[in-house]
Amino acid sequence: MRELPKAYEPAEVEEKWQRRWLKDGCFHADPHSEKPAYSIVIPPPNVTGVLHMGHVLNNTIQDILARRARQEGKEVLWLPGTDHAGIATQARVEKELAKETPPRTRFDVGREEFVNMVWQWKEKHGGIIIKQLKKLGCSCDWERERFTMDPGYAAEVARVFTELFNEGLIYRGLRMVNWDPVLLTALSDEEVIMTPSKSKLYTIRYRLEEDSSRYLLVATTRPETIMADVAVAVNPKDSRYADLLGKKVIRPLVETPIPIIADEHVEIGFGTGALKITPAHDRVDFEVGVRNGLQIIDVLTPDGHINCPDCPELHGMDRFEARDRSIEIIREKGLLEKEEPYDNNVGVSQRSDVPIEPRLSMQWFLKYPCVNEAMKSVEEGEIVFRPAHWAKTYAHWLEGIQDWCISRQLWWGHRIPVWYRKNMATELKEAVKLDAQDAEAGRIYVGAEPPADPENWVQDEDALDTWFSSWLWPFATMDSECRTKFYPTTDLVTGPDIIFFWVSRMIMAGYRFAGQKPFSNVFFTSIVRDLQGRKMSKSLGNSPDPLDLIDRYGSDGLRFGLMRIAPTGTDVKFDEKQIEEGKNFANKLYNAVRFRLMQGEAGTTPAPRFSAVHIDILDKLKQLHADVATGLGKYEFNACVQALYAFFWNEYCSLFLEAVKNDLREGADPAVRNATLHTIDTVLRHYLTLLSPFMPHITEELWQSLGFAARHEEKPLMITPLPSPDSLLQGLSDEEVSKARVIAAALYEAANRVRNLKAEYNLSTNKNVRLVLKPTLPTATDIPNRLALLSGAKAVETCPGYEAPKGTPASVTPLGELFLPLEGLVDVDAERTRIAKELEKITKEIARSEAKLGNESFVQRAPADVVQQEQDRLRDWKEKEAHLLAMQSALS
RNA sequence: GCACGGGUAGCUCAGUGGUAGAGCGGCUGUUUUACACGCAGUUGGUCAGGGGUUCAAAUCCCUUCCCGUGUACCA
């Protein structure tokens with residue numbers, strides 16, 4: 001036992017324990033262990049990433065689960081790692097290149113060299129987030145850190161690709177995809193965010209070929225693609241245009257006759273009922289074009305500029321500039337009927353934040369495997385989603401599932417393991433569809449290993465979507481030994497924003513490639529927002545830096561504070577005040593232990609003599625055990641933390657400790673002193689263990705300071721088994737416990753009454769007043785003394801026949817009537833007013849209670865115990881009223 | 001449009017049918033030897049509005065309004 005500074009300073013302590021845990025191998029998972037397995041795989045953060053609040057929330061929860069599982073005697077694997085994050089990482093290095101003088105692009109550098117540069121960048125800067133997670137205290141098995149481009153992992157990705165290809169689920173096809181004109185790659189549907197935007201709807205005159213004085217009105221938001229129009233479509237049922245079908249109109253830009261066709265897709269009621277068909281630049285138009293055998297004219301370059309030499313005014317211009325310019329031209333030609341403001345949804349690239357272009361392009365696609373298994377597993381509860389409502393979102397996505405565009409025009413990532421026969425390269429490049437049959441025919445080669453005769457083959461240039469490697473994460477990170485013990489994993493903790501990107505795909509991959517579900521429970525965290533409810537983002541600058549928060553409040557403070565406000569709903573509004581509360585709580589805990597350390601050892605002789613307050617706090621501790629267990633079982637972390645906070649701050653510190661302080665003063669009865677010290681030690685031992693998963697560092701430090709480690713062979717707290725709550729009240733009957741509970745509650749209630757009374761008489765809290773108790777509840781003699789201590793009184797005299805001087809302030813408490821004799825300060829009027837006020841409140845309660853009990857249907861229909869409860873309540877109020885009335889009459 | 005989540009004290013949120021709660025903030029007092037990152041007291045609510053079920057509704061049902069999220073889209 002040693003002296004500690006007055007305020008808790010987390011920085012050094014946290015670092016010390018993080019080192020020590022690693023040194024002792026506390027986080028390491030042993031696949032040969034006999035203990036039951038518990039496992040989580042971390043949602044791998046981007047290797048380029050830096051820790052943000054979402055990570056903190058997410059990983060704190062995982063850490064709590066992992067640490068608690070260790071305490072429960074399980075063999076725990078929490079497997080960490082990072083994701084290569086194709087686009088994000090490549091963009092990062094490209095940005096560096098662009099900063100050089102002269103600026104360079106990846107094309108200047110060349111593929112091989114560029115990929116080398118990214119690897120170098122990764123080695124140098126890629127570990128930041130791992131260090132940050134360690135600073136948060138995450139108890140991952142760092143020896144098993146994985147990267148989605150580790151050699152073994154890459155082999156698994158290629159194997160999976162090959163298998164799916166051979167099965168016919170992967171094919172290459174010419175299809176309309178979401179094209180990112182900045183990043184110059186295709187994207188999956190999930191990477192496109194539909195964003196409402198203010199644009200304009202232009203109505204344009206398309207002259208009839210046969211009679212240039214007549215025209216057809218066509219509404220469009222994209223006049224810059226008019227040169228690519230190949231038809232104008234109307235609904236076949238639209239009588240207005242029936243006579244025009246088969247005739248031609250003149251395209252207003254690059255004037256050429258194009259046919260008027262009929263297609264069901266056109267809505268009669270919308271716009272003018274005539275739709276320009278631009279198959280190269282619109283998904284739906286493309287389908288209309290296919291249905292009607294129309295040609296495709298592409299007038300956009302991959303980077304979103306106009307490519308149309310026949311229209312020199314627009315050729316080479318950026319697509320948005322061209323939009324304005326094209327309208328000017330049309331207006332000059334007298335062909336603009338009108339323009340009006342229009343709200344529509346524009347698909348925006350999640351990655352580069354620019355509107356995507358629908359673009360016809362040769363890409364690789366996957367027909368998802370095991371869709372039915374994936375759907376059934378969640379539906380039937382083999383995999384449990386929490387909160388449960390996410391299951392609906394998941395099911396909805398699966399029902400409408402579309403083939404996944406898995407190729408990306410990137411260099412950083414897993415290169416597509418497909419090779420084309422050199423002498424057929426051109427022919428294959430043009431092939432509208434390639435699949436398993438082409439491999440059988442020897443035109444292409446697909447495999448985890450390059451072909452045996454590489455000189456005859458050319459590998460596909462594209463890389464795979466990052467998620468095509470992440471979806472294998474739960475098993476591709478494990479060797480067979482590890483899989484045997486830890487797969488399927490127990491819990492997955494992640495954000496609902498990646499339910500489609502990642503969670504659902506992992507489920508399918510798990511069933512398809514590991515033969516089993518990847519995890520049993522998925523806990524979806526809330527999304528951390530700022531106080532205005534906005535998403536945390538770099539551009540808004542509303543995202544606090546967790547490292548800064550750790551510096552100021554400690555990792556434990558941050559974790560605890562965040563858990564206090566982490567609800568189970570959709571989002572959590574981040575308020576730094578809450579983190580400050582976490583720190584304050586750490587300080588409270590620290591000081592409570594400091595107080596214990598100032599007391600010296602508890603003795604075994606004389607035998608401890610326990611009072612109601614001792615039994616009561618142990619009883620509450622037992623309840624806390626249950627509350628934490630229940631909360632964790634339901635993944636209600638905020639409930640756990642609230643219970644832990646309230647027990648310690650309110651029950652233990654404010655009530656119990658304050659009630660027993662005199663037991664520790666010099667000259668106190670040694671038997672009572674022993675009881676108090678034993679109780680304090682028991683509470684602290686249990687409490688630190690219960691709190692440890694939430695605040696691992698400070699609890700560990702205090703565990704050591706208190707010398708508890710010595711009794712556990714110097715083991716760190718984090719691997720000390722959870723003590724059983726059953727030992728807490730051993731040797732006591734239920735009756736004794738509940739009696740203690742009643743007495744302690746009465747004591748604390750009485751203390752409150754006295755404090756109220758003192759405050760009302762403007763007696764400062766430390767004013768040593770004298771109290772007289774006319775007891776109604778029989779108690780041991782220590783109780784009045786504890787009451788004196790709690791309420792800041794010099795002494796409480798127990799005096800059954802006390803006759804109070806007129807005007808003595810008094811209060812009715814569960815212990816009995818309490819009087820506050822104020823020598824020379826008696827103010828009869830004041831006391832009368834006070835009692836009247838209290839009586840008013842009570843009268844109201846009585847009236848309400850009586851009304852309720854007077855209601856026959858209540859008495860008849862409500863359950864007996866509810867009625868009984870109400871009757872008890874009324875009796876209590878009435879008793880109190882009687883006392884107050886007696887006091888009142890004594891005043892007159 | 002459809003689906004889901006939410007609306008409770010000034011703020012952040014608990015509260016799944018039986019006396020409306022916590023923390024913060026505000027105000028008042030207090031430096032009492034664990035803690036001023038503290039202690040004590042106090043203030044503050046038509047539980048978004050309306051209707052219904054029930055002996056009893058913040059809680060269950062219907063409906064309207066507002067906020068958020070996802071998803072589908074017609075130029």
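Residue numbers begin at 1 in each chain, while the letters A, B, ... track the order of the sequences.
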Participant: Between P on B/G1 and CE on A/M194, what's the gap in Å once rounded to a whole number?
Facilitator: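 From A/M194 CE to B/G1 P: 17 Å.
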Participant: Does A/N752 make a side-chain N or O approach to OP1 or OP2 of B/G41 shorter than 4.0 Å?
Facilitator: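 Yes.
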Participant: Which of these nucleotides, B/G18, B/U12, B/A3, is closest to any side-chain atom of A/Q578?
Facilitator: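 It is B/U12.
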Participant: Is there a donor on the side chain of A/E658 or the base of B/A34 sitting less than 3.5 Å from an acceptor on the other?
Facilitator: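 Yes.
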Participant: B/A75, OP1 or OP2 - any side-chain N/O from A/K276 closer than 4.0 Å?
Facilitator: no
Participant: Taking the side chain as C-beta and beyond, is there a heavy-atom pair between A/E850 and A/L874 under 4.5 Å?
Facilitator: yes
Participant: State, to 0.1 Å, how close A/L677 and A/A602 come at their nearest heavy-atom pair, and which atoms those are.
Facilitator: CB-CB, 3.4 Å
Participant: Tell me: CD of A/E580 to P of B/U12, nearest whole Å?
Facilitator: 17 Å
Participant: Please evaluate residues A/R283 and A/D189 with respect to the criterion salt bridge (Lys or Arg N to Asp or Glu O under 4.0 Å), reporting the C-alpha separation (whole Å), side-chain torsions for both, the decisive distance (0.1 Å), and the verdict.
Facilitator: CA-CA 12 Å; A/R283 244 168 215 253; A/D189 294 345; 3.5 Å; yes
Participant: Let's see if you can work this out: which of B/A75, B/G41, B/C35 has an atom nearest to the side-chain heavy atoms of A/A219?
Facilitator: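 Of the candidates, B/A75 comes closest.
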Participant: Could you measure between the two C1' atoms, the one in B/G21 and the one in B/C47, and give it in whole Å?
Facilitator: 12 Å
Participant: By the 4.0 Å heavy-atom rule, please label A/Y202 as base, sugar-phosphate, or nothing.
Facilitator: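 The residue A/Y202 makes no contact with any strand.
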Participant: How long is the line joining NZ of A/K392 and C1' of B/C4, in whole Å?
Facilitator: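 So the two atoms are 7 Å apart, to the nearest Å.
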Participant: When you get a sec, tell me which of B/A34, B/A75, B/U19 is the closest nucleotide to the side chain of A/E845?
Facilitator: B/U19
Participant: Out of B/A20, B/A75, B/G18, which nucleotide sits closest to the side chain of A/V266?
Facilitator: B/A75
Participant: Sticking with atom P, work out how far B/G6 lies from B/A14, rounded to a whole angstrom.
Facilitator: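 Going atom to atom, P in each nucleotide, I get 9 Å.
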Participant: Could you give the CG-to-P distance, from A/D681 to B/A34, as a whole number of Å?
Facilitator: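 So the CG-P distance, A/D681 to B/A34, works out to 17 Å.
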Participant: Choose from B/C39, B/A34, B/G41 the nucleotide whose nearest atom is closest to any side-chain atom of A/R755.
Facilitator: B/G41
Participant: So, do A/Y687 and A/T699 sit near enough that their side-chain heavy atoms are less than 4.5 Å apart?
Facilitator: no
Participant: Taking donor-acceptor contacts at under 3.5 Å, does the side chain of A/K6 reach the base of B/A36?
Facilitator: no
Participant: Examine B/C39: is either OP1 or OP2 under 4.0 Å from a nitrogen or oxygen in the side chain of A/W649? Give yes or no.
Facilitator: yes
Participant: Rounding to an integer number of Å, can you tell me how far A/K583 NZ sits from B/C35 C1'?
Facilitator: 13 Å
Participant: Using whole Å, what does the distance between atom P of nucleotide B/A22 and atom CG of A/D575 come to?
Facilitator: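 Distance check: A/D575 CG to B/A22 P gives 19 Å.
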Participant: For residues A/R786 and A/D663, determine if any side-chain heavy atom of one lies less than 4.5 Å from a side-chain heavy atom of the other.
Facilitator: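 Contact flag for A/R786/A/D663 side chains = yes.
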Participant: So, does A/Y342 get its side chain near the phosphate of B/A75, meaning an N or O under 4.0 Å from OP1 or OP2?
Facilitator: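 Indeed, a polar side-chain atom of A/Y342 lies that close.
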Participant: Using the C1' atoms only, state how far B/C39 lies from B/U19, rounded to an integer number of Å.
Facilitator: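 To the nearest whole Å, 29 Å.
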Participant: Strictly below 4.0 Å: does A/N756 bring a side-chain N or O up to OP1 or OP2 of B/U42?
Facilitator: yes
Participant: Just so I know, are the side chains of A/F694 and A/D556 near enough to count as touching, which here means a heavy-atom distance under 4.5 Å?
Facilitator: no
Participant: Would you mind telling me which of B/C4, B/A75, B/G23 lies closest to the side-chain atoms of A/T221?
Facilitator: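 Of all the options, the side chain of A/T221 is nearest to B/A75.
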Participant: Starting at atom CD1 of A/I277, determine the distance to atom P of B/C74, rounded to an integer number of angstrom.
Facilitator: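 Rounded to whole Å, this separation is 12 Å.
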Participant: Using the side-chain heavy atoms of A/H265, tell me which of these nucleotides is nearest: B/G5, B/C24, B/A75.
Facilitator: B/A75
Participant: To the side chain of A/P863, which of B/A40, B/U33, B/G18 is closest?
Facilitator: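 Minimum distance to the A/P863 side chain belongs to B/G18.
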Participant: Rounded to whole angstrom, note down the C1' distance from B/U63 over to B/U53.
Facilitator: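 Each nucleotide's C1' atom is 15 Å from the other's.
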Participant: Does any part of the side chain of A/R755, heavy atoms only, come nearer than 4.5 Å to the side chain of A/L790, both counted from C-beta?
Facilitator: yes
Participant: B/U12 and B/G49: how far apart are their C1' atoms, nearest whole angstrom?
Facilitator: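 Nearest-Å result for B/U12 against B/G49 at atom C1': 24 Å.
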Participant: Should A/R240 and A/I268 count as side-chain neighbours, where that means a heavy-atom distance under 4.5 Å?
Facilitator: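 When only atoms from C-beta onward are counted, A/I268 and A/R240 do touch, with a gap below 4.5 Å.
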Participant: Taking atom C1' in both B/G45 and B/A58, compute the distance separating them and give it to the nearest angstrom.
Facilitator: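 These two C1' atoms come out 11 Å apart once rounded.
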Participant: For A/K661, which contact category applies under a 4.0 Å heavy-atom criterion: base, sugar-phosphate, or nothing?
Facilitator: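 It contacts base atoms.
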Participant: So what does A/D189 hit on the nucleic acid, given a heavy-atom distance under 4.0 Å: a base, only sugar-phosphate, or nothing?
Facilitator: nothing
Participant: Mind checking if A/E581 touches a base, just sugar-phosphate, or nothing, with heavy atoms under 4.0 Å?
Facilitator: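 A/E581: backbone/sugar contact only, no base atoms under 4.0 Å.
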Participant: Ignoring backbone atoms, establish whether A/N584 has a side-chain N or O less than 4.0 Å from OP1 or OP2 of B/G38.
Facilitator: yes
Participant: Name the residue closer to the 5' end of RNA chain B, choosing between A/D343 and A/Y8 according to the nucleotide with the nearest heavy atom.
Facilitator: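 That would be A/Y8.
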Participant: Tell me if the side-chain of A/K588 makes a donor-acceptor pair with the base of B/C35, cut-off 3.5 Å, by modelled atom types.
Facilitator: yes
Participant: For atom P, what is the distance between B/A20 and B/A36, given to the nearest Å?
Facilitator: 38 Å
Participant: Taking all non-hydrogen atoms of both residues, which atom of A/V346 and which atom of A/P355 are closest, and how far apart?
Facilitator: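 For A/V346 and A/P355, the tightest heavy-atom pair comes out as CG1-CB, 3.7 Å.
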Participant: Select base, sugar-phosphate, or nothing to describe what A/F500 touches, counting heavy atoms under 4.0 Å on all strands.
Facilitator: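 Sugar-phosphate, backbone atoms only, no base.
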Participant: Just how far, in rounded Å, is P of B/U12 from CE of A/M53?
Facilitator: 17 Å
Participant: Could you measure between the two P atoms, the one in B/A40 and the one in B/G23, and give it in whole Å?
Facilitator: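 Straight-line distance between the two P atoms is 11 Å.
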Participant: So what does A/R222 hit on the nucleic acid, given a heavy-atom distance under 4.0 Å: a base, only sugar-phosphate, or nothing?
Facilitator: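 Touches nothing.
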Participant: When you get a sec, tell me which of B/G23, B/C35, B/C39 is the closest nucleotide to the side chain of A/Y645?
Facilitator: B/G23
